[in-house]
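What follows is a set of notes on a single structure, which appears directly below.
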Amino acid sequence: MSEVPLLDIRNLKVYFPIYQGLLKKEVGTVRAVDNVSFNIKKGGLFGLVGETASGKTTIAKTILGVVHPTSGEIRFKGEKISHLNDESRRKLTSKMQMIHQDTSSSLNPRKKVGELIKVALDIHRIGTAVERLDEVSRMLQYVQLPPENFLSKYPAALSGGQKQRVAIARALILKPEVVVLDEPTSALDVSVQAKILNLLTKLKKEFNLTYLFISHDLSVVLNMSDTIGVMYLGELVEVGGSEDILVNPMHPYTRALISAIPVISEKERNILPKVPPLRGEIGSAINPPTGCRFHTRCPYAKEKCARERPNWVQINEKHTVRCYLVQRF
Amino acid sequence: MTSPILSIKNLAVSFNTFEGEAKVIDHINLDVGEKETVGLVGETGCGKSVTLKTILGILPIPPGKVTNGQILFGDKNLLTLPTKELCKLRGRGISLIPQDPLVSLNPVFTIKAQFLDLAMRQGEEHVSRINYYRKKLNKKQTQQVVKKIITMLQKVQIPDPERVLEYYPYQLSGGMAQRILIAISLIGSPRLLLADEPTTALDVTVQKQIITLLKKIAEDSNLSMLYITHNLGVTRKIAKRVYIMYAGQIVEMGNVREIFNEPLHPYTSGLINALPKITREKFNGIDGTIPDYVHPPKGCRFYPRCPSADESCKNQRPVMIEVKENHFVACRLFQEGR
Amino acid sequence: MGKTNYSTKLISCRAYLESFFRGIYVIRKNTLAIVGIGVFLSLLLMCIFAPWLAPYPEDAGDAIHLSQSFKSPSMLHILGTDQMGRDIFSRITFGGRNTLLAGLIIPLVGASIGCTLGLIAGYIGRRIGSVIMRTTDVFLSIPPLIIALLVIGVFGPSLKNIIFALSIVWWPWYTRLVHGEVISLREETFVESSRLLGAKSTRTMFSEILPNAIPPIIVKITLDIGYAILNAAALGFLGLGVLPPTPEWGLMVSQGRLYLPSIWWITTFPGIFIFLAVFSINLIGDGLRDLLDVEVM
Amino acid sequence: MRFREYLLRRLLLFIPTLFCVMVLVFILSRMLPGDPARLALGPDAPMSQISALRYSLGLDKPIHIQFLIFLENLLHGKMGLSLLTNRDVCQDVVQFYPASFELALVSMTIAMAIGIPLGIVSGIKQNKWIDHLSRVVSLFGVSVPRFWLAIIFILVFSFYMRIMPISGRIGSGIPPPAHITGLYLIDSLVTLNIPAFVSSLKHIILPAISLSVSPLAQIVRLLRAGIIEHKRAPYVMMVKANGMPEDLINRKYLFKISFIPVLSIIGLLFASIIAMSFVVETVFSWPGIGRYGSNAVLYADFNAIVGVTIVAGVTFIIANFVVDMFYGYFDPRIRYG
């Protein structure tokens, strides 16, 4: 473990105060991300999975500097990048990029595909005007959109999959090292999703990229990542190699998530763990449950779970989990 | 199979658009049997929702237009039924569970207001103002209906229904809103439930709860259900029989397990191939995009994207053929052998 | 880097033309908007070429032909004559210059002040923004015409003062509109993407946000030309605009009022012209609203 | 229940707005070219007299003190003498205001009573003849100059058809009803003074209609757009598909949500009525604050101008406050949000 991870997130907390009432009094805090730590090695593919409001997107935005952390730090190649000023942050943009979930609003509707991609080069003043254009068409070829057909189209004329390809081209034209993918395919149809996922895998190899892959769809994350972190209500509850997570899920929430995947074949069905159904729905991050945040829905919850937050338990080199069920062994 | 409760025969629907007439539903046939749950699977924009709206008679006309076919509910043709009869059927014969629960409740009314009006007025074509207030001010009757609503909410496992009734929709979570909508769709004791992707907007764990609930309700109350979704896994969980739809045409129909284990139509197998599986097998998408509905391919609408297409697919529309028992497919590959 | 083996310029030119023709196509579908453009343009041309078009150009001033006074519409004076015997049609062609000028200038001045402030408030935000927006709220809390009356009361009646007065009461609407647009656009993912690409805030502002805020501004300016004409004419009617004998549509309506009911034409025709101008600009505005697909009040 | 808090917040916003309006009016009134004291006394007045007046008016004090004096006088109902009536402007305002208020109220009522049903029908029967008709009406309404329409009304109904009075608030032979609210219609009804009621009703109809055309048109337009937008919304589809009768949906469910944007501009419409009453009152010789104000501007009666501006501004702010309350009722999202 001597090698410095490319991206290191340590004890990250992101809280948002809530103001209410006449005097805009602070009445509470949304604990969107609470004490999350994980790291990604160069060339790694870390999958972050969790349901709505689990804090996945907030983590992504914090890494990219859109949101400022309340405490904790983020290191990139060993250097602390949380709390940077605007100027240094801007220099970092060519190293880190993000691809958004919402294909329909992530491209400015009043610009053509060519301009949309070229703007990244304009901002960083890379190459001459002609070189920039060439680079744009080269990127379009990488994402399998023939430049002669697409350069001068407006986003409105593109399908969801094509828009996402344009977004990918724009993110990669700066040759970043880390790409944060925030639900890159959840707005797309299955037949298109598969195409985009395969493209992302291919580009990762070609450009030697490191991915942080965020999704609520565990079956996608299982296929895409080598390491998976499972989030519940702002906390990381289990981290492990994707094989470990699938075959040997330790946290009851992970198990519930896996068992809820709607699978289609008998073969897959046999892999699924059999668990009792969860009660209720994901709670609110405003006043999260005490102790283990999952205890309100957990079929195995004991009285202790409501009182104290369990510590991390190491299962094997990569696999750790935070649950009292495991601690007993 | 007993006689179907819903039978769509040769239905064709088109829309008048800027570019011309878009033929969105192209002569489909579909049956839902008594006490049967049938899945209708297809990707975005393949005409699932239009089919559903046509059944309920809530398709906006114009720009929509039914150009051919019949929709039989029992022995009544819904397309030619007088409005009065149709009003009697909505909610009491056929009801709808909508797609996105959080936007399917009117944001400026309490749950109670919407539920109560619906429950008290179902099946009527017109409500005069006087009649409306007379009925509303009848305390005894109102109380009875409220009681009925609360029982229904308990049936869909809503905790503390009295309090939830006073809520506005934005105070609900997605799962809760969907349970309420299921309760609303059940209040008139319909015989057929039309479910329009009811779990798409929900988290997987909640999705599982809702599907279990729907299955139980359908069984307990002997309901038939037409379940529309783009999610193959969900279809497998809830339905026995499935129709696969592509670009306004039904391309394959049969037993869910049989189709998912041995898909016959190239589109079906493409879909199944595209799905990321937890066995981590390779997956691959389908090239191309859905065709333009104004000028759709003359023959098989899937032919431009089909890996096994040839010249004959271009001009000849394949007909549905029973390849195995109760397994139909519309594809040239299976026509030639016969 | 690879070679450019096709002309990017040419392609973008074609796309531009395509979108241009599509725009024309959409407008052509909207016959009413075309009618509006036609009517408004001909009114505008009529006023511009008034010295050549008017049958009696000298009547636009203080000419007096008492022998000709109160003639009803005829071949000689198609819209009749007024109390001084001046030809109404000639006065309308010249008078429109004042009315339409006010109608065109007021929204433009208002929009340029208002949009600048709105952009500053929306994008810089924080303290300056809230100061600007509170000021805007105060200006919005008094009916615009009343502030204009106060201003004219202070500086005296004249066309220049009408334009000045209405311009300074017009801006808060644009500030609010632009502020609202910027606030909502700021939340769009593509604005965040631009920041993530490393764009500075000025670039984000001018190249991502502004182009998307322009369509509602254009529609509002168009519709406001109508309102400005109505307001300027109303002030003219009260005698707070140009001073007689200079013709102005609102003033002409008011002058004819004294000779009602028998001499109906002095009042009626200038009114019809005001109506035509506002009506046609509203048709254009509605057409633009449909074309650009925006909703503004 | 957070409705009370919402109201309180609105009320708190109301006070600073009012204050700022005062500041604005004060600043504008002090921007007069030349010395107000000299203007008041004429060019030949001796220096000593001028400075005495300056002293008594407080013009020699620093500007913020002057403002405080201005406010204090306002609180005591002193706005200075009007050149036109030679009374304190405050008295004039009290005398003329009810007539204008009555007129504004009646025209707003007309606008809503016709605009709302027309907008709903037009939205529901989109592209039918009634819709085309209402679009033509609303386009006409926003385009026609109100002062001109008023004149045409007089020409047609009073001169040619002779069914309506030409000007004033009540027939010349009829004594006005006892002063209770100052609104003739209400006062005459309360005192059961039928001839006064009929006469004042006849007098108010033409000015009220000519003031109401534009607000009416805007209500129709906005309501129509709202109905069309919400007609296809998922929540309307849901209740329709599950058997709610269509007329109930239209009347109750579609209306309430479509009415919200209309509500938000009613304050503005009220403002436009107040503003335009300056012109329409002049045409109909309506003894209201509008006619008083436009005369004041013509004769450079500054105290009267300031007084009228303040009254119009305050009316508008109060109207907005009332609208806000309805807004909270109609849109629970605002109330709780």
Side-chain angles (χ1 to χ4, degrees), chain B residues 49 52-53 55-60 62 83-84 86-110 113-115 117-129 131-132 167-171 181 184-188 190 193-194 196, chain D residues 1-3 6 116-117 120-121 123-129 131-132 223 226-264 325-337:
Chain B
S49 285
L52 198 140
K53 283 180 183 162
I55 296 173
L56 284 163
I58 54 173
L59 190 75
T83 327
K84 200 176 163 190
L86 201 60
C87 288
K88 272 189 194 155
L89 274 183
R90 283 190 200 135
R92 296 190 155 179
I94 312 175
S95 67
L96 169 80
I97 304 172
Q99 179 167 23
D100 191 343
L102 284 175
V103 301
S104 294
L105 287 161
N106 198 321
V108 296
F109 288 92
T110 57
Q114 313 192 27
F115 215 148
D117 275 342
L118 198 79
M120 291 177 86
R121 293 297 169 182
Q122 234 165 18
E124 295 173 30
E125 193 190 355
H126 295 294
V127 185
S128 75
R129 258 163 244 256
N131 188 333
Y132 174 73
Y167 281 178
Y168 282 97
Y170 67 93
Q171 291 167 293
L181 286 163
I184 287 180
S185 74
L186 292 173
I187 196 79
L193 217 53
L194 303 177
D196 185 5
Chain D
M1 189 73 178
R2 304 245 284 283
F3 192 45
Y6 167 80
I116 291 173
I120 294 178
V121 172
I124 287 168
K125 304 220 180 285
Q126 192 188 353
N127 293 330
K128 301 274 165 53
W129 67 268
D131 179 34
H132 293 305
L223 201 53
I227 297 265
I228 288 172
E229 184 196 331
H230 293 289
K231 200 158 65 168
R232 306 266 158 85
Y235 38 82
V236 173
M237 286 289 183
M238 190 278 291
V239 284
K240 197 171 165 189
N242 284 324
M244 193 184 288
E246 201 152 338
D247 46 0
L248 183 59
I249 300 179
N250 294 342
R251 210 162 59 207
K252 187 172 171 185
Y253 289 83
L254 211 47
F255 170 69
K256 188 172 173 186
I257 195 160
S258 310
F259 192 64
I260 289 169
V262 178
L263 204 53
S264 70
M325 279 194 283
F326 280 103
Y327 208 88
Y329 164 73
F330 265 79
D331 196 344
R333 292 166 294 185
I334 299 264
R335 197 190 318 155
Y336 292 93

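Every chain is numbered from 1, with letters handed out A, B, ... down the list of sequences.
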With no hydrogens and no angle check, is any side-chain donor or acceptor of Lys240(D) less than 3.5 Å from a backbone partner on Ile58(B)? no
Rounded to the nearest 0.5 Å, what separates atom CD in Glu246(D) from atom SG in Cys87(B)? 7.5 Å
Does Asn242(D) reach the side chain of Arg90(B), with side-chain heavy atoms less than 4.5 Å apart? no
Side chain, backbone, both or neither: which part of Gln99(B) has a non-hydrogen atom closer than 4.5 Å to chain D? neither
pair Pro234(D)-Asp100(B): side-chain heavy atoms closer than 4.5 Å: no
Contact between Leu96(B) and Met237(D) at the side-chain level, heavy atoms closer than 4.5 Å - yes or no? no
Hey, mind stepping through Tyr253(D) and Val108(B) against side-chain contact (heavy atoms from CB on, under 4.5 Å) and telling me if it holds? CA-CA 9 Å; Tyr253(D) 289 83; Val108(B) 296; over 6 Å; no
Which atoms of Leu248(D) come close to chain B, meaning under 4.5 Å heavy atom to heavy atom: side chain ones, backbone ones, both, or neither? side chain
Nearest 0.5 Å, please: how far is CE in Met238(D) from CG in Leu105(B)? 5.0 Å
Need one label for Ile260(D): side chain, backbone, both or neither, based on atoms under 4.5 Å from any heavy atom in chain B. side chain
Relative to chain B, which segment of Lys231(D) carries a heavy atom at a distance below 4.5 Å: side chain, backbone, both, or neither? neither
Polar side-chain atom of Asn106(B) near backbone of Tyr235(D) as donor-acceptor pair, under 3.5 Å: no
